[in-house]
J.: 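Below are the structure tokens for one structure; questions will follow.
The sequence lines fix the lettering, A, B, ..., with proteins before strands; numbering per chain opens at 1.
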2 protein chains.
Amino acid sequence: MTDELDEDELGAYFGLIAAGDLLQRAVAAQLAEHGMTPLQFTILATLLNSSAGLRMSELADVLVLSRSGLTYQVTQLEKAGLVRRAATSDDERGVLAMLTPMGRDRALEAFPGHVGLVRAKFLDLLQPSEIDTIREALDRVVTALRRSKA
Amino acid sequence: MTDELDEDELGAYFGLIAAGDLLQRAVAAQLAEHGMTPLQFTILATLLNSSAGLRMSELADVLVLSRSGLTYQVTQLEKAGLVRRAATSDDERGVLAMLTPMGRDRALEAFPGHVGLVRAKFLDLLQPSEIDTIREALDRVVTALRRSKA
DNA sequence: AAGACTTGATTCCAATTCGAACTAGTTGTA
DNA sequence: TACAACTAGTTCGAATTGGAATCAAGTCTT
């Protein structure tokens, strides 16, 4: 019995994976219109809340991305003029990533459409009680998975 | 109000993305012990149900993977001796991918652990009613997203 | 204060993925 | 039948990602 999943279980599992993937694809398609990938949007959105900039390491940790991967993306965003690197005052080794004015503009431009898509393709399809259940249940799952990773 | 998401909405959205990602990572870590990636496992598992083999195109479509991506993976699996290619009888252009006996063994070996992980990190953390709600709600989301893609 | 760890970030390399171009076999049509 | 359009699969090139190695700067121990 442990080596099988019944209809409902399989449905919930596939639903989770498929819904997550498809939603991310839809988001990707939409962000492409703004000339950015989901990861790049996430970086910009994160920096939007930190006007003083964020350390590369902090940013990588928040985004659960490898250091080298972040270095690559920040370099891309820098070439595109959306992000700039700055030295940290205290630690000579540190590098701060922060938005350029254009980066801020582009992030703010992309935001409404992103939120609109999430609403249209996800939240608007659910009852408030379902949103509640999903939030609560998946939070439990996320907590468990994060714990077992450390 | 449309350009903001409240706590609950954000929680459900992040939960969906995070739970999906983390679960896939956990699955990946486990399958790595069997020397395969999630995609490779999915390919093997799919072929497990088609003893006569599947056309490359069909397989790519089922897995929502590009043709070239599948070519690459099947080549890898072929090198590993888990899959073999065969000619189709009717269409000279066609190629069938099918499991080797070893491929079948390896897929069957990996299966219980995979199911066990999905249970331990996901299903066992949820009430039956929650599983039901998630399955139903996400199915609606998946349907909507698939429709808007075509 | 010197030498040994540790830490922040980048560089380099291998793996994976997609799309475009390509090859070969099919189908349709005049 | 011959030519055009199409289909199946592969190959090639570009982008992305993670891990190992590397470099520079801090910190700690003695």
J.: Is there a side-chain contact between B:Tyr72 and the phosphate of C:dT17, meaning an N or O under 4.0 Å from OP1 or OP2?
T.: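 False: B:Tyr72 side-chain N/O out of range (4.0 Å or more) of C:dT17 OP1/OP2.
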J.: Taking CG from B:Leu77 and P from C:dT16, how many angstroms apart are they, rounded to a whole number?
T.: 10 Å
J.: Does the base of C:dG19 carry an N or O that pairs as donor and acceptor with the side chain of B:Ser68 under 3.5 Å?
T.: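 Per atom types, the contact qualifies.
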J.: What integer distance in Å separates B:Leu63:CG from C:dC18:C1'?
T.: 15 Å
J.: Drop me the distance from A:Ile131's CD1 to A:Glu136's CD, to the nearest 0.5 angstrom.
T.: 13.5 Å
J.: For the side chain of B:Val95, starting at C-beta, report the closest nucleotide among C:dG8, C:dT26, D:dT10.
T.: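 In terms of side-chain proximity for B:Val95, the closest of C:dG8, C:dT26, D:dT10 is D:dT10.
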J.: Just wondering, are more than 12 heavy atoms of other shown residues or ligands nearer than 6.0 Å to CD in B:Glu109?
T.: yes
J.: Indicate whether OP1 or OP2 belonging to C:dA9 is found under 4.0 Å from a side-chain N or O atom of A:Ser57.
T.: yes
J.: Is there a side chain to side chain contact (heavy atoms under 4.5 Å, CB included) between B:Asp8 and A:Asp132? Walk through the geometry before answering.
T.: CA-CA 7 Å; B:Asp8 282 2; A:Asp132 218 51; 3.3 Å; yes
J.: It should be established whether B:Gln73 places a side-chain nitrogen or oxygen under 4.0 Å from OP1 or OP2 of nucleotide C:dT17.
T.: yes
J.: Check the distance between D:dA25's P and A:Met56's CE and give it to me in whole angstrom.
T.: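 Atom-to-atom, A:Met56 to D:dA25, this comes out as 17 Å.
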J.: Between A:Leu70 and A:Arg93, name the one whose nearest nucleotide on DNA chain C is closer to the 5' end.
T.: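 The residue mapped nearer the 5' terminus is A:Arg93.
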J.: With a 4.0 Å limit, can you tell me whether A:Arg85 has a side-chain N or O closer than that to the phosphate oxygens OP1/OP2 of C:dT10?
T.: yes
J.: Over how many whole Å does the gap from B:Leu65 atom CG to D:dT10 atom C1' extend?
T.: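 Value for this atom pair: 14 Å.
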J.: So, A:Glu9 and B:Arg119, do they make that salt bridge, N to O below 4.0 Å?
T.: yes
J.: Step by step, would you call A:Arg84 with A:Glu78 a salt bridge (Lys or Arg N to Asp or Glu O under 4.0 Å)?
T.: CA-CA 5 Å; A:Arg84 68 187 183 83; A:Glu78 207 171 27; over 6 Å; no
J.: Please give, in whole Å, the distance from C:dA9 P to A:Glu78 CD?
T.: 14 Å
J.: Using atom CG of B:Leu96 as one end and atom P of D:dT10 as the other, report the distance to the nearest whole Å.
T.: 11 Å
J.: Side chain of B:Thr71 only, please: which of C:dG25, D:dG26, D:dG9 is the nearest?
T.: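 Side chain of B:Thr71 sits closest to D:dG9.
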J.: Measure from CD on A:Gln76 to P on D:dA14 and round the result to the nearest Å.
T.: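 In whole Å, D:dA14 P and A:Gln76 CD are 14 Å from each other.
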J.: Rounded off to whole Å, could you give me the CZ-to-C1' distance for the A:Arg67 and C:dT7 pair?
T.: 9 Å
